[in-house]
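Worksheet: the structure to be examined is printed underneath.
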Amino acid sequence: MVTTRIAPSPTGDPHVGTAYIAIFNYVWAKKNGGRFIVRIEDTDRQRYVPGAEERILAMLHWLGLDYDEGPDTGGPHGPYRQSERLELYRRYAEILLERDWAYRAFETPEELERIRREKGGYDGRARNIPKAEAEARARAGEPHVIRLKVPRPGTIEVHDALRGLVRYDSAEIPDVVLLKSDGFPTYHLANVVDDHLMGVTDVIRGEEWLVSTPIHVLLYQAFGWDVPKFYHLPLLRAPGGAKLSKRTGHTSVDHYREEGILPEALRNYLSLMGFSMPDGREVFTLSEMVEAFSWDRVSLGGPVFDWEKLVWMNGKYIREVLTLDELAERVKPFMTEAGLTWPSEDYLRRVLELMRPRFETLKEFPQKAIYFFQDDFDYEAKAQKEIAKGAALLRELKEKLANLPDFSQAYTEPLIKAFAEESGKKLRHVMQPLRAAITGRLATPGMYEMLEVLGKETVIRRIERALALVES
RNA sequence: GGCCCCAUCGUCUAGCGGUCAGGACACCGCCCUCUCAAGGCGGAGACGGGGGUUCAAUUCCCCCUGGGGUCACCA
């Protein structure tokens, strides 16, 4: 059975890169009827951020990337948190020691820094410590690490399913630390041990891992385990071209959520970073992607994360994919955030219907539709001018509107059109002052629809207020 | 810098020896129109360079160039 996993480390905000890699892991597992696992790589207690794990898991659920096994859902291969598996790593490091695939090293961080400066990297000097002596020092409690004993000379072959065979000279592979002096494993040891124990068959991860893959291959060989398939995906890039990072762009999925990006749109957009549908369709669901997925449709160039296109995609979902009811639910938190309330569910939906083609992020909705929900909105400078210019017309029009039985389009449209004609004005010269008066701005949905939604009372009140404003 | 990966419009990409090099975002124009959008139609815009292989290269191979990654007791 195909088993994939993502192995995020809880060191900060939930990263879009994690989401991106998660999509491909999820899709490949589902495509094969396999399992998708989440494993938390919390072996760095320096960088550990409380709450980060919960936020990463929440992000995955938010994006619809539900996993079969994970730290909160459990599963047959738990625990799924590396800090809870320390004994395991110690035991396997021990095995490596016994098989002469690893050795104990006693240099202090300061010494290592000096060696690095002088030799350009660790030179493997602790290999020369007689085994008995090393064991004795360890038993005496001397702090030390366990390092991989890279066989040299030699070559290590890494098969990447997307790039083919990559050969490494073992002289280029350092004797990396496997078990730190605090008893925690490094990524290299923990990831190999866990992937094996958890039955991971396909390792899909970021390209940043490609050059350390020979280390992992060596470990699989040392343990005598099957080597999984590797797929190294290109890294998300910032507009400059460098890998997307906190320094070069917004990396937190929470940031995009707060900006009013829909999970479906983010997921869809991220999928497009490397994957394309056979028919060229750009808007598609997760399960449609599972259906159509194949590795030869994945491109290897580092994709630049483009906020503009994400926003377009988001708008596409807002106006074409979500139902009106769904949209209403999505928009509510942003209404509340903006301090706006809505008189009824029906009213909110009617406004949404008018505004749908006019906003692209959820956050924009309260800003652009504020006049539908409260009276004391600001008048833009241009709107004020328009009101002043059309004040006389507005006074007349107000009287006529006030005589209408109600503000359905059947009444307002003929009246306004007739009014314009009688006044000898072009329709727009009537519309713009009216628009400015009742919304405070010059760009809004269609007039008749708006009048109907706002209602007679509100409209008359606003015209009066607008006139008062320019008269003062 | 060493090693590794990558390379089609500004951006995301299709292409898998013979195509007018296609689509999407952004941009420009037109249509629709009470404004703004949305939508429709049209436009501009790319195969980094040099060698090969081949009747024929965007496509296959090599070199260069460019970009990226990585060189921790971080992942």
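A quick note: this is a predicted structure, and the numbers were derived from the prediction, not measured. Just so it is clear, the values below take in all heavy atoms, side chains as well, and ignore hydrogens, waters and symmetry mates. Labels below follow one simple rule: chain letters A, B, ... track the order of the sequence lines, proteins then strands, and each chain is numbered from 1.
- Salt bridge status for A:D202 with A:K229: absent, with no side-chain N to carboxylate O gap under 4.0 Å.
- No donor-acceptor contact under 3.5 angstrom links the side chains of A:H429 and A:S423, judged on distance only.
- Under the 30°/60° scheme for interplanar angles, the aromatic rings of A:W209 and A:Y187 are found to lie parallel.
- Judged purely by atom type and a 3.5 angstrom limit, A:H15 uses its side chain to pair as donor or acceptor with the backbone of A:G17.
- Taking 4.0 angstrom as the limit, A:R319 places a side-chain polar atom (N or O) nearer than this to OP1 or OP2 of B:G39.
- A gap of 22 Å separates the P atoms of B:C9 and B:C5, to the nearest Å.
- Remark: P of B:C3 and CG of A:D169 are 10 Å apart, rounded to the nearest angstrom.
- Within the structure, side chain to side chain donor-acceptor pair (under 3.5 Å) pairs that include any residue of residues 290-307 of chain A comprise A:S276-A:R297, A:S294-A:D296 (at least two apart or interchain).
- Using the Watson-Crick or G-U wobble rule with both distances under 3.5 Å, B:A44 pairs with nothing in any strand shown.
- Using modelled atom types, one side-chain atom of A:E326 and one backbone atom of A:T323 make a donor-acceptor pair closer than 3.5 Å.
- With hydrogens and angles disregarded, no donor-acceptor distance shorter than 3.5 Å links the side chain of A:R441 to the backbone of A:A436.
- The side chain to side chain donor-acceptor pair (under 3.5 Å) check on A:R163 picks up nothing, with sequence neighbours excluded.
- One can place CD of A:E172 at 10 Å from P of B:C5, the figure rounded to the nearest angstrom.
- Going from the P atom of B:U65 to that of B:U58 covers 23 Å, rounded to whole Å.
- B:A24 atom P lies 13 Å from atom CG of A:D279, rounded to whole Å.
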With a 3.5 Å cut-off and sequence neighbours excluded, list the donor-acceptor pairs that the side chains of residues 360-372 of chain A form with protein atoms.
residue : atom : partner : partner atom : Å
A:T361  : OG1  : A:E364  : N            : 3.3
A:K363  : NZ   : A:E259  : OE2          : 3.2
A:E364  : OE1  : A:E360  : N            : 2.6
A:E364  : OE1  : A:T361  : N            : 3.3
A:K368  : NZ   : A:R358  : O            : 3.3

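- Base pairing analysis places B:C25 opposite B:G10; the two distances defining the Watson-Crick or G-U wobble pair are each below 3.5 Å.
- With rounding to whole Å, A:F284 atom CZ is found 16 Å from B:A24 atom P.
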I'd like to compare against my own output: the B/S/- annotation of nucleotides 27-37 of chain B with a strict under-4.0 Å heavy-atom distance to protein. -------BBBB
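- Nucleotides B:G22 and B:C3 place their P atoms 40 Å apart, quoted to the nearest Å.
- As judged by a 4.0 angstrom heavy-atom cut-off over every strand, A:G241 is placed among residues touching the sugar-phosphate backbone only.
- Between A:Y20 and A:F24, the angle of the ring planes goes over 60°, which puts this pair in the perpendicular group of the 30/60° scheme.
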Can you give one letter per nucleotide of nucleotides 70-75 of chain B, going 5' to 3': B for a protein heavy atom under 4.0 Å from the base, S for sugar-phosphate only, - for none? S-SBBB
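- Ring-plane geometry between A:F106 and A:H144 is classed as tilted, the angle between the planes lying from 30 to 60 degrees on a 0 to 90 degree scale.
- The interatomic distance linking A:E360 (CD) with B:A38 (P) rounds to 7 Å, in whole Å.
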In B/S/- notation (B base, S sugar-phosphate only, - none; protein heavy atoms under 4.0 Å), nucleotides 6-13 of chain B written 5' to 3' is S----SBS
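- The distance between atom CZ of A:R167 and atom C1' of B:G2, rounded to the nearest whole Å, is 20 Å.
- Formation of a donor-acceptor pair under 3.5 Å by the A:R435 side chain with backbone atoms of A:P445 is found in this model.
- Along RNA chain B, the nucleotide nearest A:Y168 and the nucleotide nearest A:E320 are compared for position; the residue whose nucleotide lies closer to the 5' end is A:Y168.
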